[in-house]
Undergrad: 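Just dropping this structure here.
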2 protein chains.
Amino acid sequence: MNVERAKSTRLTRPTPSELGVLRVLWRLGPATVRDVHEALNAREPTGYTTALKFLQIMHGKGLVERDESRRAHVYKARLTQAQAQSQMTSQLVDGVFDGSTSKLVLSALGGSSRTTPEELAQIREMLDRLDGVEK
Amino acid sequence: MNVERAKSTRLTRPTPSELGVLRVLWRLGPATVRDVHEALNAREPTGYTTALKFLQIMHGKGLVERDESRRAHVYKARLTQAQAQSQMTSQLVDGVFDGSTSKLVLSALGGSSRTTPEELAQIREMLDRLDGVEK
DNA sequence: CGTAATCTACGAAGCCTTTCGTGCCTTCGG
DNA sequence: CCGAAGGCACGAAAGGCTTCGTAGATTACG
């Protein structure tokens, strides 16, 4: 009881491992299987065909696009990191924070306390901007 | 190559469906299979034994505890909602926000803009408190 | 008491993820 | 031209998640 097929509008959400691949693509930009494999393999020993399969599957799901004009296909994330971030964030908000963004923010800030003054200032800026828009 | 068994210290993280069960337990407090099933079933048609199996599995994983003193066992979440929230939040931060809490906060606030002035005020308070601690 | 209702424990099917191995092309160096 | 290297597509195994069906006990009640 799920999933839109084939059409490009809705993207299925990445699995944990697929997220790993996306992270590599975000960092490297368009990359070949070899590139991705080397990146993954550096972090944890992994077979070449494993990387290949991931890219293929993700292509099937529409998570990446690929350029087949060269022998070694070149893959490219179809979602920017920012898009993935906001998608997964609202997912978390809906799933665990009763839909309340502020609860998430409070929990994030309160819990970790590993936030620098500069970052806090940035957040304040954002708050000001929101207040501005607010009527 | 994972998972600590049996001992109570480390909790495996809940799957999506398990989260649904936990949400029910957080809302109802200690509850029987019947209670949980009714809650789940209200949202989406589901078999009784499905709920039962979830609770059993979750008990095996240490996600819930159970009181077997009555015929209908009574289950209880082993994690408070707040704990789950902060656990899953830091997971998201590590996984998608390069470990930066502030990036998450900015994305959450910027993306949805479904935050009331009261909530913004609450966040400001939290910021002040953090500044206070910050020497 | 006997039957119906409740409950738990299993087991198993179906689908998704993750990980590779093989087979079959294509390209490149000598 | 030939063999080795590099690449892609498949297929398949192992394990996890989700969903139930069935079986066997226990309890409630007319």
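What you see below is based on every heavy atom in this structure, not just the backbone, and it leaves out hydrogens, waters and symmetry mates. Chain identifiers are assigned alphabetically (A, B, ...) following the order of the sequence lines, protein sequences preceding nucleic acid strands; residue numbering begins at 1 within each chain.
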Undergrad: Which whole-number value in Å describes the distance from A:Lys61 NZ to C:dC15 C1'?
TA: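 Rounding to the nearest Å, NZ of A:Lys61 and C1' of C:dC15 are 12 Å apart.
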Undergrad: List in chain and number order the residues that pass side-chain hydrogen bond (donor to acceptor under 3.5 Å, both in side chains) with B:Ser102, two or more places apart in sequence or in another chain; answer none if no residue qualifies.
TA: A:Glu119, B:Ser100
Undergrad: From NE2 of A:His73 over to C1' of C:dT26, roughly how many Å is that when rounded to an integer?
TA: 11 Å
Undergrad: Go through the structure and list residues passing side-chain hydrogen bond (donor to acceptor under 3.5 Å, both in side chains) with B:Arg34, not counting sequence neighbours.
TA: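 B:Arg34 satisfies side-chain hydrogen bond (donor to acceptor under 3.5 Å, both in side chains) with no other residue.
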Undergrad: Could you state the atom-to-atom distance from CZ of B:Arg70 to C1' of D:dT26 in whole Å?
TA: 16 Å
Undergrad: Examine D:dA9: is either OP1 or OP2 under 4.0 Å from a nitrogen or oxygen in the side chain of A:Arg66? Give yes or no.
TA: yes
Undergrad: With sequence neighbours left out, write down each residue that passes side-chain hydrogen bond (donor to acceptor under 3.5 Å, both in side chains) with A:Arg23, or none if nothing qualifies.
TA: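 With sequence neighbours excluded, A:Arg23 shows a side-chain hydrogen bond (donor to acceptor under 3.5 Å, both in side chains) to no residue whatsoever.
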Undergrad: Would you mind reading off the distance between B:Glu68 atom CD and D:dT26 atom P, rounded to a whole angstrom?
TA: 14 Å
Undergrad: Going by salt bridge (charged side-chain N to carboxylate O under 4.0 Å, His left out), name the pairs with one or both residues in residues 79-91 of chain A, residues two or more places apart or in two chains.
TA: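 Listed once each, the pairs would be none.
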Undergrad: Got a sec, which residues hit salt bridge (charged side-chain N to carboxylate O under 4.0 Å, His left out) with A:Glu65, two or more places apart in sequence or on another chain?
TA: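 Salt bridge (charged side-chain N to carboxylate O under 4.0 Å, His left out) check on A:Glu65 returns A:Lys76.
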Undergrad: How many Å lie between NE2 on A:His59 and C1' on D:dG7, as a whole number?
TA: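 Distance check: A:His59 NE2 to D:dG7 C1' gives 16 Å.
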Undergrad: OP1, OP2 of C:dA9 versus side-chain N and O of B:Gln56: anything below 4.0 Å?
TA: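 For C:dA9, OP1 or OP2 has a side-chain N or O of B:Gln56 closer than 4.0 Å.
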Undergrad: Please evaluate residues B:Glu18 and B:Arg13 with respect to the criterion salt bridge (charged side-chain N to carboxylate O under 4.0 Å, His left out), reporting the C-alpha separation (whole Å), side-chain torsions for both, the decisive distance (0.1 Å), and the verdict.
TA: CA-CA 9 Å; B:Glu18 287 168 351; B:Arg13 80 177 180 78; over 6 Å; no
Undergrad: Applying salt bridge (charged side-chain N to carboxylate O under 4.0 Å, His left out), can you list everything that pairs with A:Glu118, at least two apart in sequence or on another chain?
TA: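 If we apply the salt bridge (charged side-chain N to carboxylate O under 4.0 Å, His left out) test to A:Glu118, skipping adjacent residues, there are no hits.
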Undergrad: side-chain hydrogen bond (donor to acceptor under 3.5 Å, both in side chains) with B:Asn41: which residues, sequence neighbours excluded?
TA: none
Undergrad: Hey, what are the protein-to-nucleotides 18-21 of chain C N/O distances that come in under 3.5 Å?
TA:
residue : atom : partner : partner atom : Å
C:dT18  : OP1  : A:Ser17 : OG           : 3.2
C:dT18  : OP2  : A:Thr15 : OG1          : 2.5
C:dT18  : O5'  : A:Ser17 : OG           : 3.4
C:dC20  : OP2  : A:Gly47 : N            : 3.1
C:dC20  : OP2  : A:Thr50 : OG1          : 3.0
C:dG21  : N7   : A:Thr49 : OG1          : 3.4

Undergrad: Quick one: is B:Tyr48 getting a side-chain N or O under 4.0 Å of the D:dG21 phosphate, OP1 or OP2?
TA: no
Undergrad: Same cluster or not: are A:Phe54 and A:Trp26 linked, directly or through other Ile, Leu, Val, Met, Phe, Trp or Tyr residues, by side-chain heavy atoms under 4.5 angstrom apart?
TA: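 Yes; A:Trp26 is reachable from A:Phe54 via cluster members.
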Undergrad: Rounded to the nearest angstrom, tell me the gap between atom CG in A:Leu63 and atom P in C:dT17.
TA: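 The answer, rounded to whole Å, is 10 Å.
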Undergrad: Polar atom pairs between nucleotides 27-30 of chain C and protein, under 3.5 Å, N or O only, would you list them?
TA:
none

Undergrad: How close or far is atom P of D:dC17 from atom CZ of B:Arg13, stated in whole angstroms?
TA: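 Roughly 9 Å, once rounded to whole Å.
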Undergrad: Rounded to whole Å, please give me the gap between CZ in B:Arg34 and P in D:dA28.
TA: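 From B:Arg34 CZ to D:dA28 P: 14 Å.
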